[in-house]
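Chain letters run A, B, ... following the sequence lines, proteins first, then strands; residues in each count from 1. Not measured: the values here are computed from a predicted model.
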Amino acid sequence: MNHVAVDSATPAANAYEPTAIELKWQAHWVATQAHEVRDDLPREKCYYVLEMFPYPSGKLHMGHVRNYTIGDAVARYQRMRGLHVLHPMGWDSFGLPAEQAAIERNAHPKAWTYDNIAYMRGQLKRMGFSYAWSREFACSDPGYSAREQDIFLDLVEKGLVYRKSAVVNWSTGLNTVLANEQVIDGKCWRTGMPVIQKELPTWYVRITSYAEELLSGTYTLPSWPDAVLTQQRNWIGKSIGAEIDFIVVGFADVKLTVFTTRPDTVFGVTFVSIAPEHAALASIVPATHRAALDAFVADVRATPTNDRAGDTAEKKGCFTGAFVINPVNGERVPLYAANFVVADYGTGVVMAVPAHDERDFAFAQKYAIPVRQVIVPNSGKLNELSEAFTDIGTLIDSAQFNGQRSDAAKLTITDWLAATGKGRKTVTWRLRDWGISRQRYWGNPIPFVYGEQTGVLPLRKADLPVTLPDDVVFDGIGNPLAKHPTWATTTADGQALTIRTNDGPEPARRETDTMDTFMQSSWYFARFTCPDAVAPLDAKRVNHWLPVDLYIGGIEHAVLHLLYARFFTKALSDLGYTTVREPFKRLLCQGMVCMETLYREQNDGKKQYFYPEEVKLERDAKGKLISAVALSDGQAVTVGRVEKMSKSKRNTVDPQHLIDAYGADSARLFILFAAPPEVDLEWNDDGLKGSHRFLKRLWTLAQDQRQRLQSVSAFAGHAKECSGADQAVVRKIHATIKKATDAMSKDFSFNVAIAGCMELFNELKPDALSPEVLKLGLETEVRLLAPMVPHIAHELWSHLHPNSGGVTAAGWPSYDPDQLQADDADYPVQVNGKMRGKLVLPRTLVGTELEAAVRAHPEFVRILGDQTIRKLVVVPGKIVNVVVG
RNA sequence: GGCCGAGUGGCGGAAUUGGCAGACGCAGUGGAUUCAAAAUCCACCGACCUCUAAAGUCUUGUGGGUUCGAGUCCCACCUCGGCUACCA
């Protein structure tokens, strides 16, 4: 980055100096508590805008700056429209990086986290974001985490929390559970030690009991992006089908139930596949096949779960030696263990119909299993299947169902199965319960204890909160909480921890797992409405403010966070904390901040990335990039794709440098101007300079004209009362207000609103305009730009109106539709759809009068020449199109 | 494989929702200012044809269609991006 110092020479007396102005107004906003809001105003005059709160990782990155700039522009715009705006900010402050910092640089997670918060809070303030700082909190604050423990116990009481044993990835090096992403080639990503699959009891939240409402709710959110809604629907994954019971040959009392969405193909079953982990296998596999099967299961288990997924993975199976009976035709078919059958989806057993399922077809080919076609295309029977036929067709070889259409047969066969006791209609969900246990220190403790005799018990609310000990050792191995000498067995006042039983006190040990950090982000938006409440939530204030009118964040949270937050809201409602069932009325997913990557291919095929300031780019006369060389050695560098900014690719810009060099307003303006909010933003240093240049021009014009405009009032009459440049500019002012207002109210298209302001500014030629009209023009500029560049707008407004209540109070300007256009309209003339010229005609003319005026217009006669009119289309105020022939 | 989205100058992006394509900005070119540079200001700036200009031709991923008129609507296709995935 070539950050050029701004105005390095001695500045002129009235030069634009962003830093001084910005610090001045930021201090003013703090002193006047300008962005605090009351809770007792009519809801229809209120607006709650929220950006996804940050993890305090150290310093702001460009993604944060974009997210919060968009949110702040909305907040300030809504305030100028006269609404009372709640715009809070806080910190998602529990999480793993704090523990990594503890291991790597011997900092305490708490100190590291709160130091980061202090620094990043300063950066947010330096950007001029208009937060209600009195409501700020961090999730690791005792006031928040303790209230979350209360909610946890409420969930326990409602039956929405339970403990169960499940298979997890266990690092033998770190003695901890790993996420799938942390397992690389079956080994721990940090230590390289083997990762094993281990059964471990952990805590779950029963999100699946809300599956139906989470799904139906997606149809009540018209102001959410379709992409997010469909991702959530896919994630919930409701599928309607049938369960069918297969008896195991030789075990009259053992039945294997399959789940299928294609009961119409049940007469085509030629084998059944079963998950290798399935519990029933132990009892039904004959001794002759046990060894082979055990080897197969061991092989599957050795493969990390994420390598078993995807259609690229090889389909493998193993005959179990067992056979099952297809209940619809009494046929005996083999049972295969198959690596692609998932134990915890459906029943873990799948009826296989190679003729009508691609996976089954591939499997049947590999293991030479027969293929039996029971559905034919409506065009007739296929002679030989070279691939599975999965479309709708007509049933054959299916007893009394022959001749039915396959989609209708799904229902008739399911009904028949149910009537004859062979199966039943059923619904299966992809959504799993939410595992929330983390074997880590820097999280909210799970408020449970284990009695020596009694076993697992929740704490009583009176015994909350459970607080984290400060004296912990971080060596990267195992859970620091579990290794603490006394914490798990001692109460807050140092007594041995006991629970009360009928036989008196009983020694107990605390749960040392902590909660997933997604727990905290699932209700923080509700707590912002009442951060001082003694209870977790204050129903009156929560119901007043929720749902959030506009929630802004990245689309990467489309499923996890946004689904958990929806679930939590419903659960909180059922717990009596609120009546609201959906947390976010409107969702805006802003695009990523991107930049081109610069790299050099190494001998080993890996890429060596360069920071932008390490490379010199050369362009040809048209501006097209022709070469890139490293400054260090003058050798060529490859200019790669434009990708999301990331440290590992070195295609980053530190926002702090931009603020220091150009000021917060310039950074804000460029971010909003360079792309619409939902679109990816391609970072461009020169573009930022352009935004800075615009603000400088605006500033300079306002300073040059300050004396002249001091004693006049802005023009308040109708455009018709003035003439020449004045009249054109007054009309332009009204048109610009309309353009900006439409852009903001439709999709928050800040880029269009800003472009309109730039256009208007280009018309403000002081020598050609009366001071009244010029003042109106400048005032309009300042008011329209105030949400985007608040500091310079506040400063300039104070120059234009030294004793007023400020630009926010002045409000968003309104326009007069009657003053948008001149009396005469330009009519483009098309001949057979091609542009040929222009007519100027009064706007008042319509209908036959207008058509007569067009025909009589000398320019029209000239354009037409001697051609004869076949058809004449005249659209009032728009266009003339003549068809000649 | 499934779902979602996008293709407009050298680049980021506009286009009143079917009515003058390329607003605004960046980059670039020429000029003014300057000892010089930076900064600033003025002009030009889709392609082709043309000495230049006027005029003209072409142009919104490709091919069709509807219409007086299509970047916008319909049909088919191509390319790119994102998310998700042995889900039976």
Side-chain angles (χ1 to χ4, degrees), chain A residues 4-9 15 225-231 233-235 237 239 241 258-262 273 308-315 338-342 344-353 357-360 362-363 428-430 555-556 558-559 591-592 619-625 641-642 644 670 673-676 678-691 693-694 696-697 700 735 738-739 742-743 749 751-752 754-759 761-762 820 826-835 837-838 870-875 877-883:
Chain A
V4 176
V6 179
D7 291 341
S8 55
D226 280 342
V228 173
L229 294 175
T230 46
Q231 271 188 60
R233 286 172 200 143
N234 291 341
W235 189 264
S239 41
V258 307
F259 170 73
T260 182
T261 56
R262 294 295 305 274
S273 38
R308 269 172 76 183
D311 13 77
T312 48
E314 193 189 353
K315 286 165 187 43
N339 67 343
F340 60 85
V341 179
V342 182
D344 62 351
Y345 179 78
T347 60
V349 189
V350 186
M351 69 178 212
V353 187
D357 180 275
E358 282 167 27
R359 229 177 9 226
D360 295 344
F363 195 86
T428 291
W429 303 86
R430 193 185 165 281
I555 198 162
E556 66 271 20
V559 273
M592 301 179 297
R619 295 168 193 283
D620 68 9
K622 282 188 174 173
K624 203 171 188 174
L625 193 68
R641 281 208 337 227
V642 172
K644 181 181 182 174
F670 175 67
F673 178 57
E678 335 57 69
V679 173
D680 287 352
L681 186 157
E682 192 182 326
W683 188 264
N684 175 353
D685 280 354
D686 288 321
L688 173 68
K689 287 181 202 165
S691 294
R693 196 146 51 216
F694 170 71
K696 234 179 351 183
R697 279 204 295 263
T700 305
K738 176 174 167 35
K739 181 173 184 170
D742 289 350
S749 305
N751 56 325
V752 177
I754 293 167
C757 291
M758 289 175 168
E759 250 183 278
F761 179 81
N762 292 341
L820 293 173
D826 268 2
Y827 281 89
V829 180
Q830 296 180 342
V831 178
N832 290 346
K834 288 190 197 286
M835 281 295 306
K838 258 174 208 178
R870 272 235 318 267
K871 181 168 182 178
L872 181 64
V873 179
V874 181
V875 185
K878 294 250 162 120
I879 205 162
V880 173
N881 195 356
V882 53
V883 184

With rounding to the closest Å, how many angstrom separate the [atom1] atoms on [N] and [M]?
N	M	atom1	result
B/C78	B/G30	C1'	42 Å
B/U17	B/G2	C1'	32 Å
B/G9	B/U59	C1'	10 Å
B/A23	B/U16	P	15 Å
B/A21	B/C58	C1'	13 Å
B/G25	B/C42	P	11 Å
B/G65	B/A70	P	12 Å
B/G19	B/G31	P	42 Å

Base of B/C68 paired with side chain of A/Lys871 (donor-acceptor, under 3.5 Å)
no
Sugar-phosphate only, base, or nothing, as touched by [X] at under 4.0 Å among non-hydrogen atoms:
X	value
A/Asp680	sugar-phosphate
A/Val349	nothing
A/Asn762	sugar-phosphate
A/Lys834	sugar-phosphate
A/Arg870	nothing
A/Gly690	sugar-phosphate

If you write RNA chain B from 5' to 3' in dot-bracket form, with Watson-Crick or G-U pairs under 3.5 Å, [ ] for crossing pairs and | for pairs with another strand, what do you get?
(((((((..(((......[....))).(((((.......))))).(((.......)))..(((((..]....))))))))))))....
Do A/Val873 and A/Val883 come close enough that some side-chain heavy atom pair is under 4.5 Å?
no
Taking only side-chain N and O atoms of [X], does any of them lie within less than 4.0 angstrom of OP1 or OP2 on [N]?
X	N	answer
A/Ser239	B/A88	yes
A/Arg641	B/G81	yes
A/Arg233	B/C4	no
A/Arg693	B/A39	no

Taking for each residue the nucleotide of RNA chain B bearing the nearest heavy atom, is the 5' side occupied by A/Val350 or by A/Glu358?
A/Glu358
5'-most by nearest nucleotide on RNA chain B - A/Val559 or A/Ala227
A/Ala227
Listed by chain and number, what are the ring pair (Phe, Tyr, Trp, His ring centres under 6.0 Å) partners of A/Phe670, not counting sequence neighbours?
A/Trp683
Results of ring pair (Phe, Tyr, Trp, His ring centres under 6.0 Å) for A/Tyr345 - residues two or more places apart only:
none
Just the rounded figure in Å: distance from [atom2] of [N] to [atom1] of [X].
X	N	atom1	atom2	answer
A/Asp226	B/A6	CG	P	10 Å
A/Met592	B/G81	CE	P	12 Å
A/Arg359	B/C86	CZ	C1'	5 Å
A/Phe340	B/C87	CZ	P	9 Å
A/Arg697	B/C42	CZ	C1'	12 Å
A/Asn832	B/U57	CG	P	12 Å
A/Arg430	B/C87	CZ	C1'	7 Å
A/Phe694	B/C41	CZ	C1'	17 Å

If you look at every heavy atom in A/Ile555 and A/Ala227, which pair is closest and at what distance?
CD1-CB, 4.1 Å
Side chain to side chain donor-acceptor pair (under 3.5 Å) involving [X] - partner list, sequence neighbours excluded:
X	value
A/Arg359	none
A/Glu759	A/Lys732, A/Lys739
A/Gln830	A/Asn881
A/Asp742	A/Lys738

Would B/G71 be called syn or anti here, given the cut-off of 90° from 0?
anti
Does B/U17 sit syn or anti, given that only angles within 90° of 0 count as syn?
syn
Given A/Thr428 and A/Thr347, is the side chain to side chain contact (heavy atoms under 4.5 Å, CB included) satisfied, shown in steps?
CA-CA 9 Å; A/Thr428 291; A/Thr347 60; over 6 Å; no
Holding to salt bridge (Lys or Arg N to Asp or Glu O under 4.0 Å), I want the full list of residues that pass it with A/Asp826, two or more places apart in sequence or in another chain.
none
If you count the non-hydrogen atoms of other residues, nucleotides and ligands that lie under 6.0 Å from CD in A/Glu358, is the total more than 12?
no
Run the side chain to side chain contact (heavy atoms under 4.5 Å, CB included) test on A/Phe363 and A/Phe340 for me, step by step, so that the C-alpha distance in whole Å, both residues' side-chain angles and the decisive distance to 0.1 Å come before the verdict.
CA-CA 10 Å; A/Phe363 195 86; A/Phe340 60 85; 3.5 Å; yes
A correct 5'-to-3' footprint of nucleotides 14-23 of chain B, with B, S and - meaning base, sugar-phosphate only and no protein heavy atom under 4.0 Å, is S--B-BBS-B
